[in-house]
Peer 1: 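Sending over a structure as structure tokens; questions will come in a sec.
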Amino acid sequence: MNPVRVRFAPSPTGPLHIGGVRTALYNYLLAKQTGGKFLLRIEDTDQTRFVPGAEQYILESLNWLGINPDEGVGVGGPHEPYRQSERKHLYKEYADQLLKSGKAYYAFDTAEELDAIRKTYESKGGAFQYNAATRGKLKNSLSLSEEETKALLASNSPYVIRLKVPAKGEIRFQDSIRDWVHVHTSSIDDKVLMKSDGMPTYHLANVVDDHIMEITHVIRGEEWLPSAPLHILLYQAFGWTPPTFAHLPLLLKPEGNGKLSKRDADLGGFPVFPLEWTDPVTGQKAKGFREEGYLPEATINFLAFLGWNPGTEQELFSLEELVTAFSLERINKAGAKFDVQKAKWFNEQYLRNQPIESIAKQYVEHLETSKAEAFVGLYLDRITFPNELKTLAVEFFEMPVTYDEQVVTNKLNEESRRALELICDKLPDSVSNWNAESIKEGIHQILEESGIKMGKVMQLLRVALSGNGAGPDLMISMELWGKDSVFQRLKLALDKFPK
RNA sequence: GGUCCGUUCGUCUAGGGGUUAGGACACGUCCCUUUCACGGAUGAAACACGGGUUCGAUUCCCGUACGGACUACCA
């Protein structure tokens with residue numbers, strides 16, 4: 001495949017949705033695979049929806065995941081600026097071009113007027129379309145005389161520029177994921193290209209920029225599929241060759257149906273945003289994958305597999321491996337439900353491959369290094385998120401307060417009690433070098449001498465020392481607790497256990 | 001309502017005119033083990049429905065049902 005130029009073009013209206021992150025990822029993968037360029041363009045043409053901090057959030061999210069743009073906001077490039085609000089003047093020129101060639105026209109209907117018309121249509125059970133059938137009856141440069149139009153423009157009446165969609169014809173294009181898609185122009189309405197505030201709409205800005213920025217492949221969410229024919233029409237109106245389109249399947253909520261939303265995340269207790277986000281107005285916080293404890297590699301791998309697979313049985317892919325394995329053709333058509341369990345599983349896989357030293361340094365920094373590393377080694381394959389380690393470490397070094405009752409009732413008897421007492425009496429002297437290996441030997445020896453079977457006491461010993469009926473390797477645990485603490489624990493248990 | 005898109009185990013998916021319909025997550029059982037977890041083994045579990053086409057359809061075609069997206073001077 002030739003080097004592609006692809007773009008991720010989010011709108012800075014809030015935190016980046018995880019579905020958007022997947023879109024960015026797929027764009028990045030194709031760019032890297034073909035030796036092409038991945039651009040980041042900020043689509044901030046709606047001034048009413050601007051949210052401070054959102055752009056920075058987008059940059060930081062991509063950076064966290066390691067899918068950095070080659071060109072665009074934050075990095076610059078040959079087509080600066082990459083923020084659409086800063087390219088405002090440009091769109092007007094192109095709109096004028098369409099106006100001149102008769103492909104577009106002025107419309108003076110106010111938003112209120114159109115709303116009213118829509119309501120009447122709805123009350124009759126129909127749907128209003130601003131198109132070839134209705135435009136003659138509305139207030140625009142097609143229905144008005146030239147003088148009237150000029151007068152309106154001269155009087156500074158607010159207006160929009162609309163695309164004059166042909167009454168008849170079929171638009172067809174070949175989507176990389178869905179193959180041929182056909183739509184009749186009659187079902188497309190005369191979309192607004194320039195808003196009355198002088199800003200372009202998404203449709204115009206997107207087509208103009210993709211053309212100027214030499215975008216070869218538009219990879220975006222399925223929600224754009226219905227407007228793709230309109231975009232094709234725009235390319236045709238300008239006389240440009242449209243890029244290749246690929247419309248990605250949606251990310252669905254885990255329960256029931258529908259697009260994955262923030263609401264689902266709150267309900268399900270999992271994030272839908274890459275990073276934690278604090279709403280600048282309400283101050284409300286939304287969870288992020290990063291803060292929850294997901295590793296960037298795991299997040300990437302999980303996301304890549306939501307709607308795509310390599311066709312082999314390999315499931316674990318580094319970003320580099322994804323770059324080589326990825327292909328648009330292997331993307332699924334149907335939406336994918338977001339599965340937290342699978343996300344966790346991916347995280348566990350990556351977590352276990354992390355070097356113990358760095359995890360220890362990052363998450364249990366309050367412990368002395370060798371202790372911290374031993375502790376991490378003890379718990380690494382029992383956790384999903386590294387940030388669980390901190391609490392675990394605190395609990396681990398605390399004296400038990402309660403004891404697993406079931407184990408005590410089942411395992412505590414004369415014999416096992418005697419075993420605990422023997423260990424308490426003899427272990428300190430028999431183990432000179434307090435480490436897991438010698439502790440194990442010592443206990444074995446004591447039990448053997450007294451003719452008591454290991455299986456009869458080990459779980460009780462665990463409960464006596466930790467309070468829990470289950471947990472990590474006891475001998476290593478004992479080593480970490482230290483001799484003094486172990487005997488303190490034992491005495492406490494012998495005292496508290498029912499006689 | 002209209003337009004468009006989709007439908008293989010509970011979930012993510014492989015496959016594709018003749019297969020024991022494969023894998024992964026989750027779940028059950030067993031093994032390992034001082035317990036739990038990890039790991040290993042194993043089990044249960046799917047082609048939405050109805051018509052065609054065909055010697056044969058889960059696979060191709062057409063309908064139906066169901067689901068979804070879009071339907072703004074939002075992106």
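Throughout, protein chains are lettered first and strands after them, A, B, ... in sequence-line order, and every chain is numbered starting at 1.
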Peer 1: Distance between the P atoms of B:U19 and B:A57, in whole angstroms?
Peer 2: 12 Å

Peer 1: Taking the side chain of A:Ala127 as its heavy atoms from C-beta onward, which of B:G1, B:C73, B:U35 lies nearest to it?
Peer 2: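 The listed nucleotide nearest to A:Ala127's side chain is B:G1.
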
Peer 1: By ring pair (Phe, Tyr, Trp, His ring centres under 6.0 Å), which residues pair with A:His203, not counting sequence neighbours?
Peer 2: A:His231

Peer 1: Just checking A:Asp109: base, sugar-phosphate only, or nothing, at a heavy-atom cut-off of under 4.0 Å?
Peer 2: base

Peer 1: Once you round it to whole Å, what is the distance between P of B:C70 and CG of A:Asp189?
Peer 2: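 Going from CG in A:Asp189 over to P in B:C70 covers 15 Å.
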
Peer 1: Can you check the distance between B:A69 and B:U53, where both ends of the measurement are the P atom (answer in whole Å)?
Peer 2: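 After rounding to an integer number of Å, I get 38 Å for this pair.
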
Peer 1: Measure from CH2 on A:Trp224 to P on B:A72 and round the result to the nearest Å.
Peer 2: 13 Å

Peer 1: Taking only side-chain N and O atoms of A:Arg330, does any of them lie within less than 4.0 angstrom of OP1 or OP2 on B:G15?
Peer 2: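 Indeed, a polar side-chain atom of A:Arg330 lies that close.
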
Peer 1: Taking only residues two or more places apart in sequence or in another chain, which ones pass side chain to side chain contact (heavy atoms under 4.5 Å, CB included) with A:Asp115?
Peer 2: A:Arg118

Peer 1: Got a sec, which pairs hit side chain to side chain donor-acceptor pair (under 3.5 Å) with one end in residues 158-176 of chain A, sequence neighbours left out?
Peer 2: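 Counting only pairs at least two positions apart or across chains, the side chain to side chain donor-acceptor pair (under 3.5 Å) contacts touching residues 158-176 of chain A are A:Gln174-A:Asp179, A:Asp175-A:His247.
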
Peer 1: Tell which nucleotide pairs with B:C30, taking only Watson-Crick or G-U wobble pairs whose two distances are both under 3.5 angstrom.
Peer 2: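 Because both required distances fall under 3.5 Å, B:C30 counts as paired with B:G40.
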
Peer 1: List in chain and number order the residues that pass side chain to side chain contact (heavy atoms under 4.5 Å, CB included) with A:Asn468, two or more places apart in sequence or in another chain; answer none if no residue qualifies.
Peer 2: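 So A:Asn468 forms a side chain to side chain contact (heavy atoms under 4.5 Å, CB included) with A:Ser466.
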
Peer 1: Can you tell me the base-pairing partner of B:U7? Count Watson-Crick or G-U wobble geometry only, both distances below 3.5 Å, and say none if there is no partner.
Peer 2: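 When the pairing criteria are applied, B:A65 turns out to be the nucleotide that pairs with B:U7.
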
Peer 1: Scan residues 6-25 of chain A for pairs that pass side chain to side chain donor-acceptor pair (under 3.5 Å), counting only residues two or more places apart or in two chains.
Peer 2: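 Listed by first then second residue: A:Arg7-A:Asp210.
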
Peer 1: Return the pairing partner of B:U53 with a 3.5 Å limit on both distances, Watson-Crick or G-U wobble; otherwise return none.
Peer 2: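 Partner of B:U53: none found under 3.5 Å.
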
Peer 1: Name the closest nucleotide to the A:Thr201 side chain, picking from B:U35, B:C73, B:G22.
Peer 2: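 The answer is B:C73.
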
Peer 1: Across the strands shown, which category fits A:Val192 at heavy-atom distances under 4.0 angstrom: base, sugar-phosphate, nothing?
Peer 2: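 Sugar-phosphate, no base atom in range.
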
Peer 1: Any idea which heavy atoms bring A:Thr45 and A:Lys195 closest together, and the distance?
Peer 2: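 Between these two residues, the closest heavy atoms are O-NZ, 3.0 Å.
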
Peer 1: Hey, does the side chain of A:Arg162 come within less than 4.0 Å of B:C73's phosphate (OP1/OP2), counting only N and O?
Peer 2: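 Yes, within the criterion.
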
Peer 1: In this structure, how many angstroms lie between the P atom of B:U35 and the CE atom of A:Met478, rounded?
Peer 2: 16 Å

Peer 1: Looking at residues at least two apart in the chain, or sitting in another chain, which of them share a salt bridge (charged side-chain N to carboxylate O under 4.0 Å, His left out) with A:Lys259?
Peer 2: none

Peer 1: Between A:Asn309 and B:U13, does any side-chain N or O lie under 4.0 Å from OP1 or OP2?
Peer 2: no

Peer 1: Check nucleotides 2-12 of chain B for protein N or O atoms closer than 3.5 Å to its own N or O atoms and list the pairs.
Peer 2:
residue	atom	partner	partner atom	Å
B:C5	O2'	A:Arg178	NH1	2.6
B:C12	OP1	A:Lys337	N	3.0
B:C12	O2'	A:Phe305	O	3.1

Peer 1: Of the nucleotides B:C73, B:C38, B:A75, which one has an atom closest to the side chain of A:Arg118?
Peer 2: B:C73

Peer 1: Closest approach to the side chain of A:Trp345, judged atom by atom: which nucleotide of B:A26, B:A69, B:U35 is it?
Peer 2: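 The answer is B:A26.
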
Peer 1: What pairs with A:Glu55 under salt bridge (charged side-chain N to carboxylate O under 4.0 Å, His left out), at least two apart in sequence or on another chain?
Peer 2: A:Arg83

Peer 1: Between P on B:C73 and NZ on A:Lys195, what's the gap in Å once rounded to a whole number?
Peer 2: 10 Å

Peer 1: Between B:U35, B:U34, B:A37, which one does the side chain of A:Met475 approach most closely?
Peer 2: B:U34

Peer 1: With P as the reference atom in both, quote the distance from B:A65 to B:C49 in angstrom, rounded to an integer.
Peer 2: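 My reading of the P atoms in B:A65 and B:C49 gives 16 Å.
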
Peer 1: May I ask you to verify if any side-chain N or O of A:Lys253 is less than 4.0 angstrom from the OP1 or OP2 atom of B:G68?
Peer 2: no

Peer 1: Would A:Phe302 and A:Tyr294 count as a ring pair (Phe, Tyr, Trp, His ring centres under 6.0 Å) if you check the C-alpha gap in whole Å, the side-chain angles of each, and the deciding distance to 0.1 Å?
Peer 2: CA-CA 10 Å; A:Phe302 166 67; A:Tyr294 286 92; 7.6 Å; no

Peer 1: Taking atom P of B:C73 as reference, at what distance in whole Å does atom CD1 of A:Ile161 sit?
Peer 2: 14 Å

Peer 1: Nearest whole Å is fine: how far is B:U35 P from A:Asn410 CG?
Peer 2: 15 Å

Peer 1: Atom CD of A:Glu348 to atom C1' of B:G39: distance rounded to whole Å?
Peer 2: 13 Å

Peer 1: Under 4.0 Å, counting only non-hydrogen atoms across every strand here, what does A:Arg220 touch: a base, just sugar-phosphate, or nothing?
Peer 2: nothing

Peer 1: So, OP1 or OP2 of B:A75: does either fall under 4.0 Å of a side-chain N or O from A:Thr45?
Peer 2: yes

Peer 1: When we call it a touch if two heavy atoms are under 4.0 Å apart, what does A:Pro158 touch: a base, just sugar-phosphate, or nothing?
Peer 2: nothing

Peer 1: Does the structure show a Watson-Crick or G-U wobble partner for B:A14, both distances under 3.5 Å? Name it, or say none.
Peer 2: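 Result: none.
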
Peer 1: List the steps, then state whether salt bridge (Lys or Arg N to Asp or Glu O under 4.0 Å) holds for A:Lys344 with A:Glu348.
Peer 2: CA-CA 6 Å; A:Lys344 287 183 176 173; A:Glu348 287 162 2; over 6 Å; no

Peer 1: Any salt bridge between A:Asp339 and A:Lys342, counting N to O under 4.0 Å?
Peer 2: no

Peer 1: Could you work out which one of B:A14, B:G39, B:A75 sits closest to the side chain of A:Asp46?
Peer 2: B:A75

Peer 1: All N/O contacts under 3.5 Å from nucleotides 28-33 of chain B to the protein, with atom names and distances to one decimal?
Peer 2:
none

Peer 1: If I take atom CG in residue A:Leu378 and atom P in nucleotide B:U35, what distance separates them, rounded to the nearest angstrom?
Peer 2: 15 Å

Peer 1: Centroid-to-centroid, A:Tyr57 to A:Phe273, below 6.0 Å?
Peer 2: no

Peer 1: Any side-chain N or O of A:Arg49 under 4.0 Å from OP1/OP2 of B:C73?
Peer 2: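 A:Arg49 to B:C73 OP1/OP2: no side-chain N or O under 4.0 Å.
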
Peer 1: Just call it for A:Lys259: base, sugar-phosphate, or nothing, with non-hydrogen atoms closer than 4.0 Å on any strand.
Peer 2: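 Sugar-phosphate only.
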
Peer 1: I want to verify a distance call: between B:U34, B:A69, B:C38, whose nearest atom is closest to the A:Glu223 side chain?
Peer 2: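 Of all the options, the side chain of A:Glu223 is nearest to B:A69.
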
Peer 1: Mind checking the C1' distance from B:A46 to B:U13? Whole angstroms is fine.
Peer 2: 11 Å

Peer 1: Scan A:Thr110 against the nucleic acid and name what it touches under 4.0 Å (heavy atoms): base, sugar-phosphate only, or nothing.
Peer 2: base

